[in-house]
Amino acid sequence: MQNITLLGSTGSIGESTLNILSQHPDRYRVYALTAYRSVDLLFQQCVRFEPDIAVMLDEQAAEQLKDKLKISGISTEVLSGELALQQVAQEKKVDYVVAAIVGAAGLLPTLAAARAGKHILLANKEALVMSGHLFMSEVETYGATLLPVDSEHNAIWQCLPIGSKQQYHFDGKGIRRIILTASGGPFRDYDLSQLESVTPEQAIAHPNWSMGQKISVDSATMMNKGLEVIEAHWLFGLANEQIDVVLHRQSVIHSMVDYVDGSVLAQMGNPDMRTPIANALAWPERISSGVKPLDLIGVGRLDFDKACHDRFPCLALAYQALQAGGTSTAILNAANEVAVEAFLANRIKFTGIAKIIDNALSAITASDGLNLEQVLEDDMKAREFAMSLIN
Ligand code: NDP
Ligand code: MG
């Protein structure tokens, strides 16, 4: 029986994870669930899974949850605040930590899990984008195991010659490059001139995947793919030039590894996050996930196109930040988070997102990013700078 802490249980990845856990009650037990302030949903999850602990970042929300649980006679203990998130991530009893908080807020609890040597199922790509060097070295130092949940990285992981041995310590020999697939999001067929006036509602209506709001906007700008390029660089230790992106509108191939002998290995399946989550949970075994079998005849064809940087300037900015190194990627991430929030609040145009990030990267001098203080400081500088542009 594995004990699980699920950080961000009320989100899209959180709910998909709980769906799988509910299919395998003989293998997994929920130790802790966490949310920011979705009281009603966290309450329902507590009733269903009876975790030892529920954490709400927001103190008032935690008080409400406490009252509701008391009335229902559920014995789950309720905690609140950032330190409590770290506490449940590093708790001794816990074997697996699912890192599914959105954005920079996930960094400290995920880092706490790494420092406690946990098996980390990483969905929160922003943590790695902010602090790749530091994060990977903590994983190594404390003997944690990092299992990628992001569908592209999970696909690559499945196509790499890792087998059942310890994680990423393959020597990279024989690999020419990896190819991350991208659906292109809802605006892939729009004229460039139309992008200026697209709305948040249009941006979050993803053609293939159902996801949280922030990552849906990131998919529309393709910053999501940019963050994934950076994530792949750190996870798999590949050079920037070895990471390619191709548009693949069906989202059936989740990514590929191109070997020097000409073999290209792809992982395929329906676009449903339960597949990579189940894969990471059970690795190196396989368990059922509830995902429908892939109907190849129904899919019919697989298309591939170039991911143009004029249409997706955020993708180019991500490569640029990765090349620049140090905290450049933390600056990119922070400016993006602020810009996406402003776009969702109708304060800036869709095309303003890339402009704000570009300006932040030019205006703020990156540091080497080898320690957490630097990362958090440059993250804060980028947020303040982006806010000042928006205001
Ligand atoms: P959602 O927005 O659906 O969920 C986010 C979760 O994080 C919720 O539980 C939310 O709680 C919690 N949360 C939000 N802000 C904070 C905060 N400041 N402190 C603590 N908890 C917080 O996001 P997704 O599930 O879509 O994405 C989660 C992560 O997984 C992201 O990093 C994303 O990039 C990554 N990912 C997602 C995929 C997907 O298909 N959705 C695919 C691949 C990666 P509350 O409900 O209370 O707000
Ligand atoms: Mg992905």
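Index from 1, following the sequence. All values below come from the heavy atoms of this structure, side chains included, with hydrogens, waters and symmetry mates left out. Remember, it's 1-based here, ligands and their atoms both numbered in the order they're listed.
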K.L.:
Measure Met273 to ligand 1 on non-hydrogen atoms and call it side chain, backbone, both or neither using the 4.0 Å cut-off.
P.N.:
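Near ligand 1, Met273 shows its side chain, while the N, CA, C and O stay back.
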K.L.:
Around atom CD of Gln194, are there more than 12 heavy atoms from other residues, nucleotides or ligands closer than 6.0 Å?
P.N.:
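It does: Gln194 CD has more than 12 such atoms within range.
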K.L.:
Starting from atom 19 (N) of ligand 1, which protein heavy atom do you reach first, and at what distance in Å?
P.N.:
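Looking only at protein heavy atoms, the one closest to atom 19 (N) of ligand 1 is Leu57 CD2, 3.4 Å.
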K.L.:
May I ask you to check whether Tyr36 has an N/O atom sitting below 3.5 Å from an N/O atom of ligand 1?
P.N.:
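So ligand 1 has an N or O lying under 3.5 Å from an N or O of Tyr36.
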K.L.:
With heavy atoms of Ala123 as the reference, note each atom of ligand 1 found under 4.0 Å away.
P.N.:
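Checking each atom against Ala123, I get 30 (O), 32 (O), 35 (C), 36 (N), 44 (C).
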K.L.:
Please list, in number order, the atoms of ligand 1 under 4.0 Å from a heavy atom of Ala105.
P.N.:
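Close to Ala105: 17 (C), 18 (N), 19 (N).
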K.L.:
Any side-chain donor paired with an acceptor under 3.5 Å for Thr76 and Asp52?
P.N.:
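No pair is found: no donor N or O on one side chain lies under 3.5 Å from an acceptor on the other.
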K.L.:
Test of understanding: given a 4.0 Å heavy-atom threshold, classify the contact between Ser38 and ligand 1 as side chain, backbone, both, or neither.
P.N.:
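Near ligand 1, Ser38 shows its backbone as well as its side chain.
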K.L.:
Starting from atom 4 (O) of ligand 1, which protein heavy atom do you reach first, and at what distance in Å?
P.N.:
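In this structure, atom 4 (O) of ligand 1 has Gly11 CA, 3.1 Å as its nearest protein heavy atom.
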K.L.:
What residue and heavy atom of the protein are closest to atom 34 (O) of ligand 1, and at what distance?
P.N.:
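Sorting protein heavy atoms by distance from atom 34 (O) of ligand 1 puts Lys125 CE, 3.2 Å first.
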K.L.:
So which heavy atom in the protein is nearest atom 26 (O) of ligand 1, and how far is it from that ligand atom?
P.N.:
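Of every protein heavy atom, Gly212 N, 2.9 Å lies nearest to atom 26 (O) of ligand 1.
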K.L.:
Side-chain donor-acceptor pair under 3.5 Å between Gln158 and Asn154, yes or no?
P.N.:
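Side chains of Gln158 and Asn154: pair found under 3.5 Å.
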K.L.:
Any N/O of Leu85 closer than 3.5 Å to an N/O of ligand 1?
P.N.:
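Leu85 vs ligand 1: no N/O contact under 3.5 Å.
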K.L.:
So for atom CD, which belongs to Gln202, do other residues, nucleotides or ligands contribute more than 12 heavy atoms lying within a distance under 6.0 Å?
P.N.:
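More than 12 heavy atoms, drawn from other residues, nucleotides or ligands, come within 6.0 Å of this atom.
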K.L.:
Atoms of ligand 1 less than 4.0 Å from Met211 heavy atoms?
P.N.:
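It comes down to these atoms of ligand 1: 39 (C), 40 (O), 41 (N).
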K.L.:
Could you tell me whether Ile215 approaches ligand 1 through its side chain, its backbone, both or neither, with non-hydrogen atoms closer than 4.0 Å?
P.N.:
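Near ligand 1, Ile215 shows its side chain, while the N, CA, C and O stay back.
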K.L.:
Taking Asp368 for the side chain and Leu370 for the main chain, is one N or O donor matched with an acceptor at less than 3.5 Å?
P.N.:
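Between the backbone of Leu370 and the side chain of Asp368 there is a qualifying donor-acceptor contact (under 3.5 Å).
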K.L.:
Considering only heavy atoms, which of Asn124, Ile101, Leu108 lies nearest to atom 20 (C) of ligand 1?
P.N.:
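The option holding the nearest heavy atom is Ile101.
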K.L.:
Looking only at protein heavy atoms, identify the closest one to atom 6 (C) of ligand 1 and say how far it is in Å.
P.N.:
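The protein heavy atom lying closest is Ala100 O, 3.7 Å.
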K.L.:
Below 4.0 angstrom from a heavy atom of Gly8, which ligand 1 atoms are there? Numbered from 1 as shown, please.
P.N.:
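The list of qualifying atoms is 6 (C), 7 (O), 9 (O).
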K.L.:
Check Glu228 and report its N/O/S atom nearest to the Mg ion (ligand 2), by atom name.
P.N.:
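Per the distance ranking, Glu228 contributes OE2 as its closest N/O/S atom to the Mg ion (ligand 2).
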K.L.:
So for Glu126, does at least one of its heavy atoms come nearer than 4.0 angstrom to any atom of ligand 1?
P.N.:
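Contact present.
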K.L.:
I'd like to know if Lys125 pairs up with Glu152 as an ion pair, taking the criterion as any Lys NZ or Arg NE/NH1/NH2 lying under 4.0 Å from an Asp or Glu carboxylate oxygen.
P.N.:
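No, Lys125 and Glu152 are not salt-bridged.
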K.L.:
In Glu152, the N, O or S atom nearest to the Mg ion (ligand 2) is which?
P.N.:
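When I compare the N, O and S atoms of Glu152, OE1 is nearest to the Mg ion (ligand 2).
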K.L.:
Of the protein's non-hydrogen atoms, which lies at the shortest distance from atom 23 (O) of ligand 1, and what is that distance?
P.N.:
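The protein heavy atom lying closest is Val102 CB, 4.0 Å.
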K.L.:
Less than 3.5 Å between some nitrogen or oxygen of Gly14 and one of ligand 1, yes or no?
P.N.:
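No; every N/O pair is 3.5 Å or more apart.
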K.L.:
Output yes when the distance from some N or O of ligand 1 to some N or O of Ser12 is under 3.5 Å, and no in every other case.
P.N.:
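N/O-N/O distance under 3.5 Å: yes.
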K.L.:
Got a salt bridge between Lys66 and Glu63, using NZ or NE/NH1/NH2 to carboxylate O under 4.0 Å?
P.N.:
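Counted as a salt bridge, because a side-chain N and a carboxylate O are separated by less than 4.0 Å.
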K.L.:
For atom 43 (C) of ligand 1, what's the nearest protein heavy-atom neighbour? Residue, atom name and distance, please.
P.N.:
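Residue, atom and distance for the closest contact: Asp150 OD1, 3.1 Å.
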K.L.:
Does atom NE2 of His133 have more than 12 heavy-atom neighbours, drawn from other residues, nucleotides or ligands, at distances under 6.0 Å?
P.N.:
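Open.
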K.L.:
Among the N/O/S atoms of Asp150, select the one at the shortest distance from the Mg ion (ligand 2) and name it.
P.N.:
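Asp150's closest N, O or S atom to the Mg ion (ligand 2) is named OD1.
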K.L.:
When you look at CZ of Arg27, are more than 12 heavy atoms from neighbouring residues, nucleotides or ligands closer to it than 6.0 Å?
P.N.:
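Above 12, so yes.
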K.L.:
Is the side chain of Thr181 donor-acceptor paired with the backbone N or O of His254 at a distance under 3.5 Å, no angle test?
P.N.:
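Checking the backbone N and O of His254 against the side chain of Thr181, a donor-acceptor pair under 3.5 Å is found.
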K.L.:
Establish, from distance only, whether the side-chain atoms of Gln323 and Asn240 form a donor-acceptor pair under 3.5 Å.
P.N.:
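The answer is yes; a qualifying pair exists.
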K.L.:
Could you check whether Asn208 and Arg249, counting side-chain N and O atoms only, form a donor-acceptor pair closer than 3.5 Å?
P.N.:
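No - no donor-acceptor pair under 3.5 Å links their side chains.
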K.L.:
Using distance alone, decide if ligand 1 has a nitrogen or oxygen within less than 3.5 Å of any nitrogen or oxygen in Thr10.
P.N.:
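Yes: some nitrogen or oxygen of Thr10 is under 3.5 Å from one in ligand 1.
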K.L.:
Does CD belonging to Gln23 count more than 12 external heavy atoms closer than 6.0 Å?
P.N.:
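Above 12, so yes.
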K.L.:
To which protein heavy atom is atom 27 (O) of ligand 1 closest, and what is the distance rounded to 0.1 Å?
P.N.:
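Protein heavy atom with the smallest distance to atom 27 (O) of ligand 1: Ile13 CG1, 4.2 Å.
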K.L.:
Mind checking the CG-CD1 spacing from Asn336 to Ile331? Nearest 0.5 Å is all I need.
P.N.:
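Taking CG in Asn336 and CD1 in Ile331, the distance rounds to 13.5 Å.
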K.L.:
Is there a donor in the side chain of Asn333 and an acceptor in the side chain of Asp379, or the other way round, less than 3.5 Å apart?
P.N.:
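Checked: Asn333/Asp379 side chains show no N/O donor-acceptor pair below 3.5 Å.
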